[in-house]
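Read the structure below first, then the notes.
Labels below follow one simple rule: chain letters A, B, ... track the order of the sequence lines, proteins then strands, and each chain is numbered from 1. Remember, predicted model here, so these are calculated numbers, not experimental data.
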Amino acid sequence: MPEKIYDHNQIELKWHDQWSNDPDLYKAEADSARPKYYVLEMLPYPSGALHIGHIRNYSIGDALARYMWMRGYNVLHPMGWDAFGLPAENAAIANKRAPRDWTLSNVEKMKRTHRRFAFSYDWDREVTTCEPDYYRWNQWFFIRMLEKGLAYRKQALVNWCPKCATVLANEQVVDGCCWRHDGTPVEQRALEQWFLRTTAYAEELLADISKLEGSWPDRVLTMQRNWIGRSEGAEIDFMIEGYGPVRVFTTRVDTIYGATCMIIAPEHPIVAGLTAEMKAQARGMIEVRANEGPGDFEKEGFNTGLHALNPFNGETVPVWVGNFVLMGYGTGAIMAVPAHDERDFEFCTKYGIPIVPVIRPVDGPVPQLPLKAANGDYGIVENSGQWSGMKSEDARTEMARHAEQCLFGAPAITYRLKDWGVSRQRYWGTPIPVIHCPHCGVVAVPDDQLPVLLPRQVEITGKGRSPLEEVPEFVNVPCPKCGSPAKRETDTMDTFVDSSWYFYRYCDSKNSTKPFDSDKIKYWFPIDQYIGGVEHAILHLIYSRFWTKMMRDIGLDVPDEPVKKLFTQGMVISNGTKMSKSDGNVVPADDVADRYGADTARLFALFAAPPEKDVDWIDAGVEGIHRFQSRVYRLATRNIGTPGGDGSSDAKVLRKAHQVLRKITEDFDSRWHFNTSIAAMMELTNDLYAEEATISASAMEHVIGIFVFLLAPFAPYLAQELWSELGRTGPVFRQPWPAFDADLARETEIEIPVQINGKIRARFTVPTGLDKAQLEAAARTDEKVIAALDGKTIVKVIAVPEKLVNVVVK
RNA sequence: GCCCGGGUGGCGAAACUGGCAGACGCAACGGACUUAAAAUCCGUUUUCCGGCAACGGGAGUGCGGGUUCAAGUCCCGCCCCGGGCACCA
């Protein structure tokens, strides 16, 4: 057949049309007779256009999905839209478009790009989180949590982003600023808010991390551990004259004899009973902390004049207010042990509060005053009454137990993790399904009245209160219990609620009577492979784990952990920052596809670097990938159905083809270094070009046949086109993955370098399979080796089969 | 400050369990083809020294030590970059 010029446009259009007319091409059906494989990429926010970062994410997942199909698995590979969120409201203000219209038209645009890239999604299972058939189940879950006490409402100091005009979860505060607005410090506001009791699962979320070990990246597990932040210690009551007992949390109760003052947070309830001047001072501290954001600030405090009784030694210590003590952690009050805590040391030194060392090193005396610094190490407890002489570790448990027996304390565990604040004072989110009745209080919307529909006609100004408060027909409703006039909750849910369980819905996306059918979940779950950006290591991935455990506890049949294996791909950086629409540095996927085609964009996204690594996107190099495809295409077309050469190169290219096949199979099964998979295909292409004239027709056809399968997971259009050039029909990715032939792949000869004292001095070629002795003998007969060894004494010879020979001489 | 990653040619990178450092691609240069250019094909390209040459010799994976016949890879101590946490008691 004469050579054809590679025209990606024509090829991609042709198959795109054919595939569009085949709605079942990527269809997945639960089938207990076949092994399943659930591969999932994180669903995108429909911002308007897919960029090259998305393409990288989906190219990894799609290659895997197609490979697993070829390995005979029943593959579930779905896609959807994380469609609620603030940008839709901002767009509504800027363009005078309803958020829903804007969002759905973006979905349409992006879906077109998805299809253009031929990602193998079963679109029949598509989930769009802003549609009532999805968010009604958010509401349903919320009510279940309300019934279980897992959703509750409280007045709390919350993170407020003035630009978003809404509350943020702790997980959405980055360096003291809003996660969407770098450089906009988050303010603290006291508001009535809805919370989900994530802390009820702190222990289980932490413990189950060990189940994920080895199949989730360590980095992510470490981040989650730190985020949960478990501290084991004790809570101890210090009696304050004229006030009552005040509880402190400490991890070092063994140092309590060295406590020389109590320090409370400026928000602590005690402050309310202090003088007006002190209250003002405390308020000042709170404001400074709220406005300055993160970073070092000087420790400051003042003496309240109150005294607290240390229940262990019966001594009285002054009570101070300190700006570094956090109300949100532990009990908001600490005992300061300046000798053994760096922060306490700094504070007490500044204010002249006494320092009392009570721990000595195992092999040394109690440190002498004055101290240069605090020593927080464990050691032997001294000057501590009956506990003197005990090891710190033992004293910690013994003293906590003692406190419990004497009823002035108890062992305690504290977590850094806090309950998830889910209220948002915004329009474009799931309405929280409760009604506030003046008689009945908070009343859940009955299940048969779900979904609480988000009204379509709403004016969004981006200022002031929740936009829903301005919609009287939404707000004013009768109480479901007593029928008297009541008001609907106007806060909406955090969008992270939507993404916490969407992957369950894919298994049963059209169910209108429950969130999903448990038989379907049983078949498809857990997710075998989840792929997404590392930036979701704590937010989305902790919420998802929480949600799964919560669903189990409200009686649904789900596994303990939703995701078996997690892969976090690196970010695509452009001009030094992560690609994002707000930074204006996105490279639209369609631009690359216009110029070079979808296959090229996909291949390049994988070729630029190993998938877990961040890459700086530069166009240089895209041409090389396109050139590679063109070389493959031209070579294949001009060789299919031609007489071929004399076959003298057959063994060589067959060997290479099977080596590459083995390498790529291994890459899929373990490392996912697709950059080297693609490089291996390039090597094979180069070899075929070099040997082309002397390859027989049958060997060429065999090699091209393998090559088409190798390409299939990465470049679906090119692979399909070549498959059809070979005269074959049907989708190539449904063919079985070829088995590699170890005999064909085996090298017959190998070049062995000979080192003399570690420096390469000669090389010789031997048949493969020689053992140590044979290899050494062969080396000793090599002319160059003989010459290099002349006049020297051989001390030792190291021969490593298939690798090298090293001769140590004197 | 603490906890994770990472540092290899002009650039993106490769070297999987210690065994030929730089596969593959980009860029650059040279050649073939062409009236010419593009495209394509074939070469060269870590660096220094010697040689017209084939070739020979030295250095080299952030820095300084060490282990080993052998170190990009292992150990100790630093420096730099990226990420996470950051008064968490």
Side-chain angles (χ1 to χ4, degrees), chain A residues 3 5 174-176 217-227 229-231 233 248-253 255 263 265 289 294-299 322-326 328-337 340-344 346-347 376 414-417 534-535 537-538 570-571 573 604 607-610 612-625 627-628 630-631 634 663 666-667 670-671 673 675-686 689-690 751-760 763 795-809:
Chain A
E3 174 179 300
I5 298 302
V174 179
D175 288 341
D218 287 344
R219 178 159 65 134
V220 173
L221 298 181
T222 306
M223 280 163 70
Q224 293 211 353
R225 271 196 201 98
N226 292 341
W227 189 261
R230 183 183 195 272
S231 288
V248 301
F249 174 73
T250 177
T251 53
R252 292 298 303 275
V253 67
T255 65
I263 311 174
R289 192 154 65 193
D296 288 331
F297 53 91
E298 175 121 3
K299 288 186 179 48
N323 63 345
F324 68 101
V325 177
L326 306 172
Y329 184 80
T331 59
I334 62 164
M335 60 174 208
V337 184
H340 303 293
D341 183 281
E342 213 180 289
R343 295 151 302 175
D344 298 346
E346 197 187 323
F347 188 84
T414 306
Y415 299 91
R416 218 192 69 111
L417 181 77
V534 70
E535 63 273 21
I538 22 197
M571 289 186 293
I573 312 280
F604 186 65
F607 182 68
E612 70 277 7
K613 235 188 115 164
D614 289 352
V615 280
D616 208 329
W617 179 265
I618 18 170
D619 278 3
V622 188
E623 304 258 3
I625 288 287
R627 201 170 291 150
F628 157 68
S630 168
R631 277 163 67 81
R634 285 181 283 115
K663 191 222 167 342
E666 284 169 1
D667 278 340
S670 60
R671 287 203 311 164
H673 278 200
N675 54 331
T676 62
S677 305
I678 295 166
M681 287 192 266
M682 289 172 168
E683 286 181 44
L684 177 56
T685 310
N686 292 345
Y689 266 72
E751 194 187 56
I752 298 287
V754 182
Q755 297 180 335
I756 312 278
N757 286 345
K759 301 256 181 221
I760 292 166
R763 294 163 196 283
V795 179
K796 194 172 171 187
V797 179
I798 294 107
V800 184
E802 321 290 306
K803 294 285 185 191
L804 52 43
V805 177
N806 190 9
V807 185
V808 186
V809 298

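Judged by distance alone, with hydrogens and angles left aside, R416(A) brings no side-chain donor or acceptor close enough to the base of C85(B) to form a pair under 3.5 Å.
Side chain of N806(A), nearest nucleotide from C20(B), G84(B), C69(B): C69(B). The side chain of W227(A) has C85(B) as its nearest neighbour among G19(B), A89(B), C85(B). Of the listed nucleotides (C87(B), C85(B), C24(B)), C87(B) has the atom at the smallest distance from the side chain of K299(A). The I538(A) side chain lies nearest to C85(B) when the options are A89(B), C85(B), G19(B).
Taking the ring axis of F324(A) as reference, the NZ or CZ atom of K299(A) stays within 45° of it and closer than 6.0 Å to the ring centre.
Residue-level contact check: G330(A) touches neither bases nor backbone, having no heavy atom under 4.0 Å from any strand. V808(A) comes within contact range of the sugar-phosphate backbone alone, with a heavy-atom separation under 4.0 Å but no base atom that close. Here E751(A) lies in heavy-atom contact (under 4.0 Å) with a base. Note on L804(A): a base of the nucleic acid sits closer than 4.0 angstrom, heavy atoms only. Residue contacts for V807(A): at a heavy-atom cut-off of 4.0 Å it reaches no nucleic acid atom on any strand shown.
Under the Watson-Crick or G-U wobble criterion, with both distances below 3.5 Å, A37(B) is left unpaired in every strand shown. Across all strands shown, the partner of A28(B) is U44(B), judged by Watson-Crick or G-U wobble contacts whose two distances both fall under 3.5 Å. Base pairing analysis places A71(B) opposite nothing; no Watson-Crick or G-U wobble pair with both distances below 3.5 Å involves it. Pair assignment for C2(B) gives G84(B), based on Watson-Crick or G-U wobble hydrogen-bonding distances that are each under 3.5 Å. Within the shown strands, nothing qualifies as a pairing partner of A15(B) under the Watson-Crick or G-U definition with both distances less than 3.5 Å. In a base pair of the Watson-Crick type (N1 to N3 plus N6-O4 or O6-N4) or a G-U wobble (N1-O2 and O6-N3), with each distance short of 3.5 Å, C63(B) is matched with G77(B).
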Practice prompt. Summarise how protein sits on nucleotides 39-51 of chain B as a single string, 5' to 3': B when a protein heavy atom is under 4.0 Å from the base, S for sugar-phosphate-only contact, - for no contact.
Written response: -SSS---------

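Taking 4.5 Å as the limit, every side-chain heavy atom of V797(A) sits out of range of all side-chain heavy atoms of N806(A). Under the 4.5 Å side-chain criterion, counting only non-hydrogen atoms from C-beta, R631(A) is in contact with N686(A).
Looking at which nucleotide of RNA chain B each of F324(A) and E342(A) is closest to, the 5′-most match is held by E342(A). The 5' end of RNA chain B is approached more closely, in terms of each residue's nearest nucleotide, by I752(A) than by the other of V325(A) and I752(A).
Distance F628(A) CZ to A23(B) P: 18 Å, rounded to the nearest Å. A straight line from CG of D218(A) to P of C85(B) spans 18 Å, rounded to a whole angstrom. Atom NE2 of H340(A) is separated from atom C1' of A89(B) by 15 Å (rounded to the nearest Å). Spacing between atom CG of N226(A) and atom P of C3(B) amounts to 11 Å, rounded to whole angstrom units. Rounded to whole Å, the distance from CD on Q224(A) to C1' on G83(B) is 16 Å.
At distances below 3.5 Å, at least one donor-acceptor pair connects side-chain atoms of R252(A) with backbone N or O atoms of G376(A). Between the side chain of D341(A) and the main chain of A336(A), no donor-acceptor pair closer than 3.5 Å is present.
With its glycosidic angle within 90° of 0, G9(B) is assigned syn.
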Pairs: protein N or O with nucleotides 9-15 of chain B N or O, under 3.5 Å:
| unit_1 | atom_1 | unit_2 | atom_2 | d |
| --- | --- | --- | --- | --- |
| G12(B) | O2' | A608(A) | O | 2.6 |
| A13(B) | OP1 | K613(A) | NZ | 3.0 |
| A13(B) | O3' | N675(A) | ND2 | 3.4 |
| A14(B) | OP1 | N675(A) | ND2 | 2.9 |
| A15(B) | OP1 | R671(A) | NH1 | 3.3 |
| A15(B) | OP1 | R671(A) | NH2 | 2.8 |

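Residues N226(A) and R416(A) bring no donor and acceptor atom of their side chains to less than 3.5 Å of each other.
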